[in-house]
Amino acid sequence: MIVYKGVSKTYSNITAVHDLNMEIQKGEFFGLLGPNGAGKTTIIRMTMALTPPTSGSIEIGGQKIRRDSTDIKQKFGIVPQYSNLENDLTAYENLEFHGRLYGLPKQLRRRRIDELLEFADLTSRKKDIARTFSGGMQRKLMIAKTLMHDPEIMLLDEPTVGLDATTRRKIWDFLRQLRENGLTIFMTTHYLEEAQALCERVGLIDEGNLIMLDTPEKIIQSAGQFVLDCYQNGKTTQKFFEDRESAIAAAEQTEGSFKVREANLEDAFIKLTNKDLGVRNEI
């Protein structure tokens with residue numbers, strides 16, 4: 001569906017993306033994971049033809065993406081990291097405005113608005129001004145707006161950034177419904193738990209380099225199924241093991257406090273990159 005062939009992007013003397021080769025399948029929920037500043041947003045912008053690659057190519061259904069590829073661009077719906085709502089318009093008016101931009105006929109436009117407000121559980125708030133909505137409601141309205149022109153591919157750039165844990169999980173349920181409806185979803189996030197809960201495959205990216213691409217389960221297995229966290233002399237270290245018994249046996253030989261637990265995607269990322277998911281400025 002989306003194919004990246006040797007894609008690189010350089011700004012002055014900074015390489016934001018380096019020789020990216022990967023493919024996202026039709027109907028797949030794919031996650032691109034890494035810390036802020038790893039190059040995720042740059043990849044989204046190149047995919048949307050908002051900025052051209054310095055080298056390499058991106059293809060959608062066998063067609064190369066170019067700035068003037070209007071027909072290809074209409075296959076996309078994008079939910080950016082920050083709100084793109086018209087804050088002084090109602091929920092209904094936001095969807096109406098987006099439908100008009102895409103030239104949807106009046107009858108189809110009104111049917112889509114009613115369907116999407118119902119899908120997003122916002123029907124009772126359709127006459128309310130968007131700026132009065134909570135962060136979670138705004139995010140759902142942004143997703144509903146993106147679906148107005150019935151895109152084949154949805155691009156989600158950090159879809160739950162800034163939301164509390166409860167609201168984040170409500171958005172997850174909303175996205176799971178879209179996946180069940182067969183939409184191709186490409187999501188960037190630095191929340192590893194989010195990717196583990198939602199994505200069929202994930203790519204780990206760091207400093208513009210794709211360091212691993214597989215299912216969440218296989219990425220975790222590559223690091224080790226179990227982790228021994230050891231706290232000693234003011235520092236926590238981690239050791240990885242294939243089974244719980246080996247981790248427990250090692251713990252018995254460990255001084256200081258310790259904990260044996262199942263590994264997760266964040267553990268695998270830290271082991272593969274030797275760094276945590278600290279926040280840096282997004283490129």
Side-chain angles (χ1 to χ4, degrees), residues 1-84 101-102 142-143 145-147 149 151-161 175 183-191 194-195 198-214 269 273 277 279-283:
M1 186 75 178
I2 312 176
V3 181
Y4 301 82
K5 297 180 178 180
V7 174
S8 296
K9 181 65 179 180
T10 302
Y11 299 97
S12 299
N13 61 343
I14 298 174
T15 300
V17 179
H18 179 71
D19 194 27
L20 176 65
N21 292 281
M22 70 178 188
E23 183 174 351
I24 299 170
Q25 304 294 332
K26 183 177 177 62
E28 183 177 25
F29 199 135
F30 180 86
L32 190 62
L33 318 179
N36 290 343
K40 303 186 303 296
T41 294
T42 298
I43 293 170
I44 289 287
R45 288 179 58 80
M46 289 191 293
T47 305
M48 288 291 295
L50 296 176
T51 186
T54 304
S55 61
S57 65
I58 304 172
E59 297 180 2
I60 306 293
Q63 292 181 274
K64 285 187 178 181
I65 296 177
R66 302 185 308 274
R67 277 189 180 273
D68 60 350
S69 304
T70 305
D71 55 333
I72 295 180
K73 289 181 180 180
Q74 289 199 346
K75 296 177 183 289
F76 287 103
I78 183 165
V79 180
Q81 185 174 155
Y82 302 105
S83 176
N84 63 350
L101 282 178
Y102 278 84
M142 288 167 63
I143 295 171
K145 187 180 82 166
T146 297
L147 294 170
H149 65 286
E152 295 180 28
I153 305 163
M154 176 173 281
L155 301 176
L156 297 151
D157 191 13
E158 301 282 357
T160 63
V161 68
L175 294 176
L183 187 66
T184 301
I185 301 176
F186 178 10
M187 177 181 74
T188 73
T189 183
H190 64 270
Y191 295 127
E194 183 164 86
L198 295 174
C199 298
E200 296 163 88
R201 286 193 309 145
V202 296
L204 300 184
I205 188 168
D206 184 52
E207 297 182 356
N209 294 288
L210 184 67
I211 59 175
M212 195 165 188
L213 175 63
D214 215 322
F269 183 90
T273 64
L277 290 171
V279 176
R280 302 194 296 271
N281 291 328
E282 185 74 7
I283 293 174

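Taking CD1 of Ile205 as the reference point, atom CD1 of Ile211 lies at 9.0 Å (rounded to 0.5 Å). Atoms CG and CD1, from Leu32 and Ile43 in turn, are 4.5 Å apart once rounded to the nearest 0.5 Å. Annotation: the span from Glu152 atom CD to Ile60 atom CD1 amounts to 9.5 Å, rounded to 0.5 Å. Interatomic distance, CZ of Phe29 versus CE of Met154, reported as 9.5 Å (0.5 Å rounding). Annotation: the span from Thr42 atom OG1 to Leu20 atom CG amounts to 11.0 Å, rounded to 0.5 Å. Considering CD1 of Ile44 and OG1 of Thr188, their distance stands at 5.5 Å, rounded to 0.5 Å.
Residues Val17 and Val7 come closest through the heavy atom pair CG1-O, 3.6 Å. Taking all atoms of both residues into account, the shortest heavy-atom contact from Leu175 to Ile185 is O-CD1, 4.1 Å. Nearest heavy atom pair, residue Ile78 against residue Pro80, reads O-CD, 3.6 Å. Shown here for Gly203 and Phe30, the closest heavy-atom pair between the two residues is N-CZ, 3.8 Å.
Listed by first and then second residue, the ring pair (Phe, Tyr, Trp, His ring centres under 6.0 Å) pairs involving residues 47-79 amount to none (not counting sequence neighbours).
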In residues 48-57, what donor-acceptor pairs under 3.5 Å come from side-chain atoms, sequence neighbours left out?
from: Thr51; atom 1: OG1; to: Lys9; atom 2: NZ; distance (Å): 3.2
from: Thr54; atom 1: OG1; to: Thr10; atom 2: N; distance (Å): 2.9

Would you give me the side-chain donor-acceptor pairs under 3.5 Å for residues 21-28, sequence neighbours excluded?
from: Asn21; atom 1: OD1; to: Gly6; atom 2: N; distance (Å): 2.7
from: Asn21; atom 1: ND2; to: Asp19; atom 2: O; distance (Å): 3.3
from: Asn21; atom 1: ND2; to: Asp19; atom 2: OD1; distance (Å): 3.4
from: Glu28; atom 1: OE1; to: Gln25; atom 2: N; distance (Å): 2.9
from: Glu28; atom 1: OE1; to: Arg201; atom 2: NH2; distance (Å): 3.1
from: Glu28; atom 1: OE2; to: Arg201; atom 2: NE; distance (Å): 2.5
from: Glu28; atom 1: OE2; to: Arg201; atom 2: NH2; distance (Å): 3.4

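The side-chain contact (heavy atoms from CB on, under 4.5 Å) check on Thr189 picks up Leu33, Glu158, Met187, Tyr191, Glu194, Ala195, with sequence neighbours excluded. Every residue was checked against the side chain to side chain donor-acceptor pair (under 3.5 Å) condition with Thr146, not counting sequence neighbours, and none meets it. Judged as a ring-ring contact (aromatic ring centres under 6.0 Å, His included), and not counting sequence neighbours, the contacts of His149 are His98, Tyr102.
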For a side-chain contact (heavy atoms from CB on, under 4.5 Å) check, start with the C-alpha distance between Thr47 and Ile153, then their side-chain angles and the critical distance, and finish with the verdict. CA-CA 11 Å; Thr47 305; Ile153 305 163; over 6 Å; no
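Between the side chain of Lys40 and the main chain of Gly34, a donor-acceptor pair closer than 3.5 Å is present.
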